[in-house]
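Structure record follows, encoded as structure tokens.
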Amino acid sequence: MSADALLSVDDVLALLRRGPGFADEEDVDQLAHALQCAARLEQEAPLDLELQIAGLVHDIASIAAPDSPATHAPVGGRMVRALFGTRVAQLVSLHADAKRYLVTTDPGYRATLSRRSLETLVAQGGLLSDPAVARMQQLPELEDALTLRRADDGAKVANASVAGLDHWEPVLRRVAST
Ligand SMILES: [Fe+2]
């Protein structure tokens, strides 16, 4: 499957169901990672369905087109924009730059990253320049993007028990319809 725009929730579910084939050198496969990330955001922001769905689909480009860690965030944003709207797309697009932002501005953050996240950080551009940090700080979605990023970093727990896609299907349909 290519990294084309996703036009239906069924397309999203089909891609996520391919996630178990993609371990990405982490302790969890892509589906488990997506479900853990969404579950963390549901706990943290129970009313923000868009943020939860952004967490569920944030790495969808890595399933559709593996081996492109440097571009998977903006590509993923483009894939989900038509279906889930601008805000979800922005949150997905920002999740790699949010890592760069946190590494640049939070001295303790780097130590929380997995080995794989540190490797891809280099390909994604590493530290941000001062002007790039300032540009990020102007973004209305920055705080939510950082919340998603921290959920992403924590969503790599082997054998964690979280809700499955059955739980998320109606939420996907609700966000797609708004
Ligand atoms: Fe992720």
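Atoms within a ligand are numbered from 1 in the order they appear, just like the ligands themselves. In this chain, numbering begins with 1 at the start of the sequence shown.
- Protein N/O/S atoms found under 2.8 Å from the Fe ion (ligand 1), listed by chain and residue number: H33 NE2, H58 NE2, D59 OD2, D152 OD1.
- A side-chain donor-acceptor contact under 3.5 Å links H33 and H58.
- A donor atom on one side chain and an acceptor atom on the other are found under 3.5 Å apart for D153 and Y109.
- Here the side chains of H167 and E42 are in contact, with some heavy-atom distance below 4.5 Å.
- Put simply, the side chain of Y101 reaches to within 4.5 Å of the side chain of L142, judged on heavy atoms.
- A salt bridge links R87 with D144: at least one charged nitrogen is closer than 4.0 Å to a carboxylate oxygen.
- Rounding to the nearest 0.5 angstrom, the gap separating the CG atom in D130 from the OG1 atom in T105 is 11.0 Å.
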